[in-house]
Amino acid sequence: MKEFLYKIPAYLPTAIVLMLLFYLTLVPQPLPPIDVPMLNFDKVVHIIMMGGVSFTIMFDYKRRERQRVLPLSVKLYVLVGTIALGAFIELAQGTDFIHRGCDLWDGVANALGCLLSFFIAPPILRRLL
């Protein structure tokens, strides 16, 4: 399994995840309407989505550098960068160009996903790689 993970081209997973993120968040109607299973389900989706972006960036960095432990500076850069990305996406959704809602609580959920990934990703990556 580890051999396969190291053979994936550098930063390809991050590029794929970012393209998917931009499509799902910046296209006016990317998916057909669905019935949500619970109230505020979209906040859970935001947490998972931005946590996944943060995790993928750390995965690619650790895979490329082949370090046993991710440096704190890298984790902080990823945390700040992905929180800023989530804020940018929320602000962009509020423009007349995209016609989606700019929601403060979506931004909070984005930041929470990044923060959870900050703590959860390193032990998972240590075992995975």
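Note that the structure is a prediction, hence the values are computed from the model and not measured. Every heavy atom of this structure was used, including side-chain atoms; hydrogens, water molecules and symmetry mates were not.
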- request: Could you tell me whether a side-chain N or O of Q29 sits under 3.5 Å from a main-chain N or O of L31, the two making a donor and an acceptor?
  value: yes
- prompt: Just wondering, do M49 and T25 contact through their side chains at under 4.5 Å, heavy atoms?
  reply: yes
Enclosure of F22 CZ (heavy-atom neighbours >12, cutoff 6.0 Å): yes
- prompt: Tell me, do V74 and E65 make a side-chain contact under 4.5 Å, heavy atoms counted?
  reply: no
task: Look only at the side chain of S54 and the backbone of G51, and say whether a donor-acceptor pair between them is shorter than 3.5 Å.
output: no
Option among R63, K62, R64 that satisfies the side-chain hydrogen bond (donor to acceptor under 3.5 Å, both in side chains) test with D60: R63
- prompt: Can you get from L24 to M19 by hopping between Ile, Leu, Val, Met, Phe, Trp and Tyr side chains that sit under 4.5 Å apart?
  reply: no
- prompt: Any link between I89 and I98 through a network of hydrophobic side chains (Ile, Leu, Val, Met, Phe, Trp, Tyr) touching at under 4.5 Å?
  reply: yes
- request: Please report the shortest heavy-atom distance between P122 and K75, naming the atom on each side.
  value: CG-CD, 3.5 Å
- prompt: Between P13 and I8, what is the shortest heavy-atom contact and its length?
  reply: CD-CG2, 3.8 Å
task: Check for a donor-acceptor pair, side chain of T14 on one end and backbone N or O of Y11 on the other, with a separation under 3.5 Å.
output: no
- request: Flag yes if V108 and M50 sit in one hydrophobic cluster, no otherwise; membership is Ile, Leu, Val, Met, Phe, Trp, Tyr, and two members link when side-chain heavy atoms are under 4.5 Å apart.
  value: no
message: So which atom in P28 and which in R100 form the shortest heavy-atom distance, rounded to 0.1 Å?
response: O-CD, 3.6 Å
- request: Is it possible for you to say whether L12 and L18 belong to one hydrophobic cluster, with membership spreading through side-chain heavy-atom contacts below 4.5 Å?
  value: yes
message: Less than 4.0 angstrom from a charged side-chain N to a carboxylate O is my criterion; do D103 and K43 meet it?
response: yes
message: Does the Lys NZ or Arg CZ of R66 fall within the cation-pi geometry relative to Y6 - under 6.0 Å from the ring centre and within 45° of the axis?
response: yes
field: Audit row: L70, Y61, side-chain contact (heavy atoms from CB on, under 4.5 Å) steps and yes/no
entry: CA-CA 8 Å; L70 278 170; Y61 179 85; 3.6 Å; yes
